[in-house]
Amino acid sequence: MAPPPSSASISRVILALFFAFSITTAGPHHGMGQRKHGKGHTIVPVPVVIPHGDPAVVPPGDPALVPPGDPSHVVPPGTSADVPPEISDGTVPHGDPAVVPPGGTPTVVPHGEPAVVPSVVPPAEIPPGAPLDENDFETDFKGSWAIDNPNVGVAAMQFQLMPNNKAVWFDTTSLGPSARELGPPGNCPKSPEMNFKPDCYAHAIAYDIETGESRTVYMDGEPWCSSGHLWPTGDLVATGGTRGGIKSVRMLSMNDPNANFVEKKNILADNRWYSSNQVLEDGSAVVVGGRNSFSYDIVPPNKLEFPSQKFNLKFLQETTVPKRPGPGMYIENNLYPFLFLIPDGNVFLFANDRGIIFHPSTGAIVRNFPKLPGGARNYPASGMAALLPLTVTTGDIHTEVVICGGNSQEAYQSVDSKHTKERVFMPALRDCHRLVLSDHASTWVKEQDMPSGRCMGDLLHLPTGDLLMINGAQKGVAGWENAIDPNFTPILYTPHKPMGQRFKEMVPTNIARMYHSVSALMPDGKILVAGSNPHSKYLLKAEYPTELRVEKFSPHYLDPALAGHRPVITPEGTDKVLKYGKEFKINVKFSGQVNDKNVKVTLVYPPFTTHGFSMNQRLVVVPLKTVADGSITAVAPLSGKIAPPGYYMLFVNFRGVPSKAIWVHIE
């Protein structure tokens with residue numbers, strides 16, 4: 001924690017900015033160590049069976065029985081099994097305070113230590129309107145990790161946080177049993193994806209993010225490598241998949257605490273396997289691409305019955321590499337394309353190494369961008385992308401995208417067993433590039449390199465306007481057993497800082513989170529992390545086993561020393577329904593003197609996350625009319641082009657420390 005800046009510190013900031021501007025204008029762990037309980041001893045989980053249970057709830061401190069090794073071997077109900085050494089490290093019960101970081105206490109870089117600016121990276125200007133952080137509290141805290149649930153029984157492949165504080169995730173229904181029974185006793189519906197054999201296993205769960213408990217959710221069809229979004233009502237919509245679910249739309253109700261997925265088959269106009277979704281200004285969504293699908297659908301809001309709408313996109317065919325090299329052999333490098341709704345109502349689409357802006361109602365291409373150098377950025381090279389925070393102003397809104405990591409165009413064929421017997425795990429890319437979408441004269445600008453290469457990672461908005469890079473691998477690509485060298489270290493990315501100071505390494509985890517892992521921001525400001533299964537089955541005796549533990553990462557702003565400075569939103573008297581362009585009230589208590597320079601109100605849309613891409617993710621900084629201890633008057637975004645209708649997490653930030661969020665609805 002630091003006192004308010006002195007005039008001398010302000011002068012130093014101004015001098016540094018002037019110097020950066022002058023330069024700019026002059027020219028162009030492997031392994032899994034044991035976690036320790038807060039009382040100083042290690043807790044080794046005792047395996048127990050997840051019963052056919054009535055409520056099918058997994059207690060957060062009670063690990064479930066997982067069939068060891070071969071997933072086809074089912075341990076009989078009521079018996080225990082040895083916990084494989086790969087997952088036998090101690091766990092911290094739900095709600096236990098901080099976990100000792102792997103490898104001991106991390107080395108702390110003294111505050112003010114200058115970062116090294118890579119010589120190959122040209123300096124860049126701070127983006128127009130970007131907030132400076134000279135008023136923020138200082139902290140050297142690099143975060144902490146804690147186990148939230150030691151075994152949930154279902155791997156997280158596709159993930160959505162819902163406005164009822166339930167995180168829903170699911171994997172696949174056609175590749176054999178999970179590690180959790182569906183329940184209640186005898187509930188073994190015949191699976192059309194498994195030749196109509198009875199399937200007694202759960203493939204989806206609803207996870208309570210506050211208690212760590214979960215219930216099983218039944219889903220029909222095959223959602224493997226599907227996509228999704230939220231309706232304005234808060235209901236979850238999952239689209240596509242493979243086999244019998246390749247043209248399906250599924251819905252999970254937010255309001256029914258015992259809801260199962262309801263599925264409508266063959267309703268989409270094209271096959272949607274490895275596609276991406278983006279919610280539009282009216283609450284409908286485009287569902288773009290997929291394997292051998294060079295088109296997009298429009299899915300309307302709040303209904304499962306609708307006429308299909310298909311729009312061809314030749315761009316998707318042009319970015320497919322190669323044109324299928326042989327039977328069952330794919331590379332593509334353009335699956336799960338990056339999609340972002342921009343404030344003029346059009347959609348930015350990036351696939352492989354190129355980007356366009358297209359009009360969603362017609363499919364007409366509004367603008368083409370040059371190739372992004374360096375390699376491939378989409379599945380299976382699997383880089384990361386995010387729309388930087390949108391600060392609402394009276395004029396044009398500065399709109400910028402960043403794309404980081406991935407791998408070379410040849411990385412997949414050099415390692416995948418369908419293409420080679422001499423497997424080579426190529427290093428993931430470290431480079432990042434930014435593109436200003438609100439400037440029609442813009443082109444790609446090289447960003448500072450990441451501290452380490454990363455593919456299959458997530459790039460998440462934090463409530464402060466910073467971003468977090470987390471999960472992924474440093475070598476290889478997406479696909480079964482196609483990556484090694486997990487990237488255990490989260491990276492704090494502050495895009496408005498001077499070049500050379502934008503990345504900061506956080507404390508690492510000791511759990512590999514690679515292929516089929518997910519992460520997402522929670523209303524309390526923590527990051528929920530789950531999944532990782534690089535195998536076609538559930539395997540626990542493997543170098544990188546199927547991962548069933550759930551973690552939470554506490555970012556830098558949750559430094560215990562800053563806890564007293566967290567604003568507290570009072571739900572009573574705070575507007576929960578925001579009308580476009582209208583003022584709204586927030587009742588909030590601060591710990592110090594406030595003004596419009598040290599308070600920031602942010603709205604965060606909860607994304608659907610899978611395969612390293614957080615679909616629909618956006619953070620909007622809203623204008624403030626009045627700021628006082630006890631009350632804020634803010635102005636909602638002007639339209640659905642800036643903030644599509646639906647539920648958002650509303651945070652109040654005081655000098656870089658965010659409150660816990662409340663859910664609000666924009667309409």
Side-chain angles (χ1 to χ4, degrees), residues 154-160 162 168-176 178 182 189-197 199 201-206 216-231 233-254 256 259-280 283-311 316 335-337 339 379 516 607-611 613 615-616:
V154 176
M157 182 187 297
Q158 288 94 191
F159 175 99
Q160 176 71 63
M162 298 182 71
V168 176
W169 65 77
F170 48 94
D171 61 354
T172 173
T173 61
S174 65
L175 296 178
S178 69
L182 180 62
K190 293 181 179 181
S191 171
E193 309 304 327
M194 300 179 68
N195 297 320
F196 292 96
K197 294 180 181 179
D199 183 5
Y201 291 88
H203 303 288
I205 64 169
T216 60
V217 176
Y218 177 72
M219 65 189 319
D220 196 3
E222 174 52 283
W224 178 23
C225 300
S226 56
S227 55
H229 61 279
L230 291 178
W231 276 342
T233 58
D235 296 336
L236 167 59
V237 185
T239 48
T242 189
R243 301 192 181 184
I246 202 163
K247 291 186 176 180
S248 293
V249 176
R250 309 165 196 85
M251 186 275 290
L252 184 71
S253 172
M254 179 184 72
D256 182 355
N260 292 310
F261 277 99
V262 177
E263 181 178 31
K264 295 293 183 181
K265 293 184 180 293
N266 299 313
I267 195 168
L268 297 174
D270 207 345
N271 296 338
R272 301 298 171 199
W273 190 23
Y274 301 95
S275 59
S276 295
N277 296 19
Q278 174 59 59
V279 180
L280 304 176
S284 61
V286 289
V287 184
V288 180
R291 178 157 282 165
N292 293 327
S293 299
F294 313 119
S295 62
Y296 68 91
D297 274 89
I298 295 183
V299 175
N302 308 329
K303 55 185 177 182
L304 278 176
E305 298 284 355
F306 56 88
S308 60
Q309 298 183 71
K310 177 181 174 180
F311 298 82
L316 292 171
L335 300 183
Y336 281 123
L339 294 174
Y379 182 95
H516 295 151
F608 182 98
T609 301
T610 186
H611 290 73
F613 181 43
M615 304 174 193
N616 307 298

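In what follows, every heavy atom counts, from backbone to side chain, and hydrogens, waters and symmetry copies are set aside.
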I'd like to know if the side chain of [X] and the backbone of [Y] have a donor-acceptor N/O pair within less than 3.5 Å.
{"X": "Q158", "Y": "F170", "value": "yes"}
{"X": "D171", "Y": "M157", "value": "no"}
{"X": "E263", "Y": "V249", "value": "no"}
{"X": "T173", "Y": "G221", "value": "yes"}
{"X": "N616", "Y": "V279", "value": "yes"}
{"X": "W224", "Y": "R243", "value": "no"}
{"X": "S178", "Y": "Y201", "value": "no"}

Ring pair (Phe, Tyr, Trp, His ring centres under 6.0 Å) partners for [X], two or more places apart:
{"X": "F294", "answer": "none"}
{"X": "H203", "answer": "none"}
{"X": "Y296", "answer": "F311, F358"}

Taking C-beta and beyond as the side chain, do [X] and [Y] meet within less than 4.5 Å on heavy atoms?
{"X": "S295", "Y": "R272", "answer": "yes"}
{"X": "V217", "Y": "I205", "answer": "no"}
{"X": "V168", "Y": "M162", "answer": "yes"}
{"X": "V299", "Y": "L268", "answer": "yes"}
{"X": "R250", "Y": "L236", "answer": "no"}

CA sep, side-chain torsions, deciding dist, call: T172, E193, side chain to side chain contact (heavy atoms under 4.5 Å, CB included): CA-CA 10 Å; T172 173; E193 309 304 327; over 6 Å; no
[X] to [Y] - nearest heavy-atom pair and separation:
{"X": "K265", "Y": "D220", "result": "CE-OD2, 4.3 Å"}
{"X": "S253", "Y": "M251", "result": "N-SD, 3.4 Å"}
{"X": "A269", "Y": "K310", "result": "CB-CB, 3.4 Å"}
{"X": "L252", "Y": "A259", "result": "CD1-O, 3.6 Å"}
{"X": "P300", "Y": "S284", "result": "CA-CB, 3.9 Å"}
{"X": "Y218", "Y": "P189", "result": "CE1-CG, 3.4 Å"}

Look up atom [atom1] in [X] and atom [atom2] in [Y], then write down how far apart they are to the nearest 0.5 Å.
{"X": "S226", "Y": "H611", "atom1": "OG", "atom2": "NE2", "value": "9.0 Å"}
{"X": "N302", "Y": "D235", "atom1": "CG", "atom2": "CG", "value": "7.5 Å"}
{"X": "S248", "Y": "M219", "atom1": "OG", "atom2": "CE", "value": "9.5 Å"}
{"X": "Y336", "Y": "S275", "atom1": "OH", "atom2": "OG", "value": "6.5 Å"}
{"X": "F306", "Y": "I267", "atom1": "CZ", "atom2": "CD1", "value": "4.0 Å"}
{"X": "T610", "Y": "F159", "atom1": "OG1", "atom2": "CZ", "value": "11.5 Å"}

Residues which pass side chain to side chain donor-acceptor pair (under 3.5 Å) with N277, listed by chain and number, not counting sequence neighbours: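 In terms of side chain to side chain donor-acceptor pair (under 3.5 Å), with neighbours along the sequence ignored, N277 is linked to S227, H229, T239.
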Results of side chain to side chain donor-acceptor pair (under 3.5 Å) for N271 - residues two or more places apart only: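 Once residues adjacent in sequence are excluded, N271 has no partner under the side chain to side chain donor-acceptor pair (under 3.5 Å) criterion.
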Check against side chain to side chain contact (heavy atoms under 4.5 Å, CB included), V154 and T216: CA-CA 9 Å; V154 176; T216 60; 6.0 Å; no
Set of residues satisfying side-chain contact (heavy atoms from CB on, under 4.5 Å) with respect to L335, sequence neighbours excluded: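 Only Y274, R291, E332, Y379 meet the side-chain contact (heavy atoms from CB on, under 4.5 Å) criterion with L335.
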